[in-house]
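Starting from 1, each residue takes its place in the sequence as its number.
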Amino acid sequence: MVPQNQQPRRTQQQALPGKGLNPVLCIIVALVLLGLLVGLAILITYLTLRPKKLVYTVEAASVQDFAIGKDDHISAKFNYVIKSYNPEKHVSVRYHSMRISTAHHNQSVAHKEISAFKQRPKNETRIETQLVSHNVALSKFNAKDLRAETTKGVVEMEVYITARVSYKTWIFRSRRRTLKGVCTPIMINVTANSLDGFQRVLCKTRL
């Protein structure tokens, strides 16, 4: 008996049904991501609203053509080298405007506007400026006091810094705030025009 050719059996492999995502796990992941985003937002807000104090120092000072007239008017050219330091690691500072003035016993005798600039994190910016007094009237007390100091060869001055600044980290920028700095005492040798030999002065700053 001749065996009949048998057709091979064809078996179809049924696809296994896909496993659905665990809804509890999805909720946990979403909450973790939300917590990270909220924490990051709080950190950025804190850095922009409560930054570290900017550090200012007067590195050098000198005066040229210093003279006090009989009418108690002063004429002089005050040269200052001021250093600004941003101690933040992730926050930059934008100076929209800056005004530097010099005074004797709170009476301003000269000032100058400084151009806007940007200060990156951990950056030191050196500002060299000359403030010119041209026939500026002094009070009787200040005129007498400056004459007495001049005879000793050293005059005591003050430097005031006023600036409008804003802070930026990533895409977040703070509102503009007013920075004020006071640098005193600035002891200037009136018998020499050189900046050498000056003792650095640390300024007090506040926002």
Side-chain angles (χ1 to χ4, degrees), residues 52-88 92-120 122-165 178-207:
K52 295 179 182 178
K53 278 190 176 183
L54 296 168
V55 181
Y56 271 83
T57 55
V58 178
E59 299 291 320
S62 68
V63 65
Q64 297 171 297
D65 305 327
F66 185 89
I68 301 175
K70 295 181 179 179
D71 57 354
D72 295 340
H73 284 59
I74 184 175
S75 293
K77 297 176 182 177
F78 295 93
N79 304 297
Y80 293 112
V81 178
I82 300 171
K83 184 183 290 184
S84 170
Y85 173 63
N86 176 16
E88 289 286 356
S92 61
V93 185
R94 177 70 179 178
Y95 288 83
H96 302 276
S97 64
M98 177 181 284
R99 179 188 177 101
I100 299 177
S101 61
T102 190
H104 182 74
H105 292 317
N106 296 321
Q107 182 181 4
S108 179
V109 296
H111 69 270
K112 188 175 183 179
E113 304 293 332
I114 306 299
S115 301
F117 64 95
K118 182 180 179 180
Q119 194 170 32
R120 299 187 181 279
K122 293 293 183 179
N123 172 262
E124 284 187 352
T125 300
R126 185 181 175 95
I127 304 170
E128 299 183 9
T129 185
Q130 184 179 80
L131 312 183
V132 180
S133 299
H134 180 65
N135 203 32
V136 177
L138 294 170
S139 66
K140 291 291 184 181
F141 170 80
N142 276 336
K144 181 180 179 180
D145 193 59
L146 276 174
R147 286 193 182 96
E149 291 180 2
T150 304
T151 59
K152 298 177 182 179
V154 177
V155 294
E156 181 179 333
M157 302 297 293
E158 304 139 11
V159 169
Y160 295 92
I161 301 167
T162 304
R164 291 287 288 172
V165 302
T178 301
L179 167 73
K180 291 189 176 182
V182 180
C183 316
T184 184
I186 309 296
M187 310 304 293
I188 304 178
N189 189 339
V190 295
T191 62
N193 296 332
S194 174
L195 293 173
D196 297 333
F198 178 81
Q199 187 173 0
R200 181 175 62 176
V201 176
L202 179 64
C203 307
K204 295 180 180 180
T205 60
R206 63 180 177 89
L207 284 173

Peer 1: Under 4.5 Å between any side-chain heavy atoms of Phe66 and Val155, yes or no?
Peer 2: yes
Peer 1: Can you find a heavy atom in the side chain of Met98 that is under 4.5 Å from one in the side chain of Ile127?
Peer 2: yes
Peer 1: Just wondering, do Gln199 and Met187 contact through their side chains at under 4.5 Å, heavy atoms?
Peer 2: no
Peer 1: Would you mind telling me which of Val154, Thr151, Thr150 makes a side chain to side chain contact (heavy atoms under 4.5 Å, CB included) with Val190?
Peer 2: Thr150
Peer 1: Could you measure the distance from the CG atom of Leu146 to the CG atom of Leu138? Nearest 0.5 Å is fine.
Peer 2: 6.0 Å
Peer 1: Under 3.5 Å, is there a donor-acceptor pair between the side chain of His111 and the main chain of Leu131?
Peer 2: no
Peer 1: Looking only at side-chain N and O atoms, does Asn142 offer a donor or acceptor that is under 3.5 Å from a partner on Gln107?
Peer 2: yes
Peer 1: Work out which heavy atom in Arg94 is nearest to a heavy atom in Ala116; give both atom names and the distance.
Peer 2: NH2-CB, 4.4 Å
Peer 1: Take the angle between the ring planes of Phe141 and His105 and call it parallel below 30°, perpendicular above 60°, tilted in between.
Peer 2: tilted
Peer 1: Counting only heavy atoms not in His96 (residues, nucleotides, ligands), do more than 12 fall under 6.0 Å from its NE2?
Peer 2: yes
Peer 1: Say whether, by atom type as modelled, one donor and one acceptor occur between the side chain of Glu158 and the main chain of Asn106 under 3.5 angstrom.
Peer 2: yes
Peer 1: Treating Gln130 as the side-chain partner and Lys77 as the backbone partner, does any N or O pair qualify as donor plus acceptor under 3.5 Å?
Peer 2: no
Peer 1: Among residues at least two apart in sequence or on other chains, which ones pass ring-ring contact (aromatic ring centres under 6.0 Å, His included) with Tyr85?
Peer 2: none
Peer 1: Backbone N or O of Arg120 within a donor-acceptor pair of the Asn86 side chain at under 3.5 Å?
Peer 2: yes
Peer 1: Can you confirm whether more than 12 heavy atoms, excluding those of Glu113, are under 6.0 Å from its CD atom?
Peer 2: yes
Peer 1: With a 4.5 Å heavy-atom cut-off, do Lys112 and Ile100 have their side chains touching?
Peer 2: no
Peer 1: Taking all non-hydrogen atoms of both residues, which atom of Ala61 and which atom of Ile188 are closest, and how far apart?
Peer 2: CB-CG1, 4.0 Å
Peer 1: Looking only at heavy atoms, which two atoms of Val63 and Asn189 are closest? And how far apart?
Peer 2: CG1-O, 4.0 Å
Peer 1: With a 4.5 Å limit on heavy-atom distance, are the side chains of Thr178 and Arg164 in contact?
Peer 2: yes
Peer 1: Does any part of the side chain of Phe78, heavy atoms only, come nearer than 4.5 Å to the side chain of Val159, both counted from C-beta?
Peer 2: no
Peer 1: Is there side-chain contact between Tyr160 and Val182, with heavy atoms separated by less than 4.5 Å?
Peer 2: yes
Peer 1: Where do Val58 and Phe198 land on the side chain to side chain contact (heavy atoms under 4.5 Å, CB included) test, with the steps shown first?
Peer 2: CA-CA 9 Å; Val58 178; Phe198 178 81; 4.0 Å; yes
Peer 1: In Å, rounded to the nearest 0.5 Å, how long is the span from CE of Met157 to OH of Tyr80?
Peer 2: 5.0 Å
Peer 1: Just verifying a value: how many Å separate Lys152 NZ and Thr191 OG1, rounded to the nearest 0.5 Å?
Peer 2: 14.5 Å
Peer 1: If you take all heavy atoms of Ala110 and Ser133, which pair is closest and at what distance?
Peer 2: CB-OG, 3.4 Å
Peer 1: For a quick test of your reading: what N or O donor-acceptor pairs under 3.5 Å do the side chains of residues 200-207 make, sequence neighbours left out?
Peer 2:
{"residue": "Thr205", "atom": "OG1", "partner": "Leu54", "partner atom": "O", "Å": "3.0"}

Peer 1: Would a 4.5 Å heavy-atom cut-off, applied to side chains only, mark Leu179 and Tyr56 as touching?
Peer 2: yes
Peer 1: Which value, rounded to the nearest 0.5 Å, describes the distance between Glu149 atom CD and Ile68 atom CD1?
Peer 2: 9.0 Å
Peer 1: Within the supplied structure, the quantity of interest is the number of heavy atoms (other residues, nucleotides, ligands) at a distance under 6.0 Å from Lys122 NZ; does it exceed 12?
Peer 2: yes
Peer 1: Look up atom CZ in Arg99 and atom OG1 in Thr162, then write down how far apart they are to the nearest 0.5 Å.
Peer 2: 7.5 Å
